[in-house]
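Here's the structure, in structure tokens; my notes come after.
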Amino acid sequence: MDYKRVTAQKRLGQNFLRDPAVIRRIVMALELSAADVVLEIGCGTGALTQHILAAKPGWFIGVELDRGLCEALSNRYSSASVSFSFLNKDILQVEIQEHIGDFEATGAKIKVVGNLPYYISSPIIDWLGRQSRLIEFATIMLQAEVADRVMASPGSKDFGVLTLLVNYYFSVTKLMDVRPGSFRPAPKVSSTVLLLRPKGTLALDSSEEAAFFQFVKRSFSQRRKTLWNCLKGDVVRADLEALLNRLGHPAEIRAEALALDDFICLYKELKR
Ligand code: SAM
């Protein structure tokens, strides 16, 4: 499909990749083989899809919310020799498990790829976290400012809930920066491709994750105030101070100065 002939829908975050070098690097990073199951988020006009299918993975799932684009892709590949399905769905409503068919029995994990629609990049990252136990890795394009938040260190202005959410589930590597001119239409912002690789063991049982992230959100509810001020009403002051002291932190510390391990320890000791 020729992206030049498609009118991009801004409300769906449609900025189609047109830079062959960027497309090649993203697809190469997938290291595709016939044993792979690949899920692409937002196939658009197929800039990445066509190269992924050409590499003949074992199973391909393309998710695209735009009905016209999704139908065009299904028609285009109807006689392809690769096993695939295109789902005209909101990615946030997709449960990977329901779409991997016989591959689930093989224990194969999914390679996720996507030049994400930026208007929902944070909810998609949240979705990836929840599906992380089924994922081998995810290669995703984000606006650079969001990627900076994902990779931020404690104490920096970008460090926050998103950083902790991603780093709870994944080890993060930056693959490359991408300039606006690599897309059509060109977005107003620069972009970055990140590789998210799920951590082998997670610190908490999946049943506790929602409560843990609620605790993290509460801790950042008033960024300029101390952790105690944010958690007042939820925890006993003396317990918090004793724990912070044990972790080597002052009682007046703010959430942005604490690392993921500190949050996990605080949650386990204070909230359970
Ligand atoms: N992969 C194509 C490319 O690189 O040229 C398109 C990328 S474009 C940035 C994002 C795509 O995600 C668009 O095609 C858009 O229609 C689609 N999209 C937007 N919201 C979506 C959602 N909630 N679920 C699935 N796809 C979505």
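Atoms considered below: every heavy atom in the structure, side chains included; atoms not considered: hydrogens, waters and symmetry mates. First listed ligand is number 1; within each ligand, the first listed atom is number 1.
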Salt bridge or not for K111 and D36, using N-O below 4.0 Å? yes
Sub-4.0 Å heavy-atom contact, M141 with ligand 1:
no
Exercise for review: Could you tell me whether ligand 1 has any atom less than 4.0 Å away from a heavy atom of N15?
Suggested key: yes
Notebook entry, point to check: Hey, is R149 close enough to E145 for a salt bridge, meaning N to O under 4.0 Å?
Noted result: yes
- Task: Take the angle between the ring planes of F263 and F215 and call it parallel below 30°, perpendicular above 60°, tilted in between.
- Result: perpendicular
of all protein heavy atoms, closest to atom 12 (O) of ligand 1 is G42 CA, 3.3 Å
Closest to atom 2 (C) of ligand 1 among protein heavy atoms sits C43 O, 3.3 Å
Per-atom filter on ligand 1: closer than 4.0 angstrom to a heavy atom of I91 are 22 (C), 23 (N), 24 (N), 25 (C)
Any heavy atom of F183 under 4.0 Å from ligand 1? The part involved is neither
Per-atom filter on ligand 1: closer than 4.0 angstrom to a heavy atom of E40 are 1 (N)
Under 4.0 Å from one or more heavy atoms of L116, ligand 1 contributes atoms 9 (C)
Looking only at protein heavy atoms, what sits closest to atom 5 (O) of ligand 1 is L17 N, 2.8 Å
Query - F60/F86 under ring-ring contact (aromatic ring centres under 6.0 Å, His included): CA gap, chis, key distance, verdict - result: CA-CA 8 Å; F60 173 83; F86 285 103; 5.7 Å; yes
message = Quiz question: by atom type and distance under 3.5 Å, do the side chains of S207 and D205 form a donor-acceptor pair?
response = yes
#### Entry: Side-chain donor-acceptor contact under 3.5 Å, Q143 with S121
yes
Taking only non-hydrogen atoms of L65 and a 4.0 Å limit, the atoms of ligand 1 in range are 20 (N), 21 (C), 22 (C), 23 (N), 24 (N), 25 (C), 26 (N), 27 (C)
**Prompt:** Charged N to carboxylate O below 4.0 Å: is that the case for E209 and R130?
**Reply:** no
Note: ligand 1 atoms sitting under 4.0 Å from heavy atoms of K89 are 24 (N), 25 (C)
Would you tell me whether N229 and T226 have side-chain atoms, one donor and one acceptor, within less than 3.5 Å of each other?
yes
The answer for which part of T49 has a heavy atom under 4.0 Å from ligand 1 is neither
min-distance protein heavy atom vs atom 20 (N) of ligand 1 -> Y119 OH, 2.8 Å
Original post:
Can you check whether R133's main-chain N or O pairs, donor with acceptor, with K109's side chain at less than 3.5 Å?
Top reply: yes
Ligand 1 to G13, heavy atom cutoff 4.0 Å, flagged ligand atoms 8 (S), 9 (C), 10 (C)
- Item | Donor on one side chain, acceptor on other, Y118 and S191, under 3.5 Å | yes
Within 4.0 Å of some non-hydrogen atom of N115, the atoms of ligand 1 are 3 (C), 4 (O), 7 (C), 8 (S), 9 (C), 10 (C)
From CA spacing to verdict: ring-ring contact (aromatic ring centres under 6.0 Å, His included), Y168, F212:
CA-CA 10 Å; Y168 171 81; F212 172 61; 5.7 Å; yes
| task | Please test R67 against E71 for salt bridge (charged side-chain N to carboxylate O under 4.0 Å, His left out), starting from the C-alpha separation and ending with a verdict. | result | CA-CA 6 Å; R67 183 186 305 221; E71 273 174 16; 5.1 Å; no
Closest to atom 18 (N) of ligand 1 among protein heavy atoms sits P117 CG, 3.8 Å
heavy-atom search around atom 19 (C) of ligand 1 in the protein gives L12 O, 3.1 Å
Would D90 count as a contact of ligand 1 if the rule is a heavy atom under 4.0 Å away? yes
_Proximity flag I23 to ligand 1, non-hydrogen atoms under 4.0 Å_ = no
Ranked by distance from atom 14 (O) of ligand 1, the top protein heavy atom is E64 OE1, 2.7 Å
Counting from 1 in the order shown, the ligand 1 atoms closer than 4.0 Å to a non-hydrogen atom of A47 are 5 (O)
Scanning both residues in full, the closest heavy-atom pair of A8 with F16 reads CB-CE1, 4.0 Å
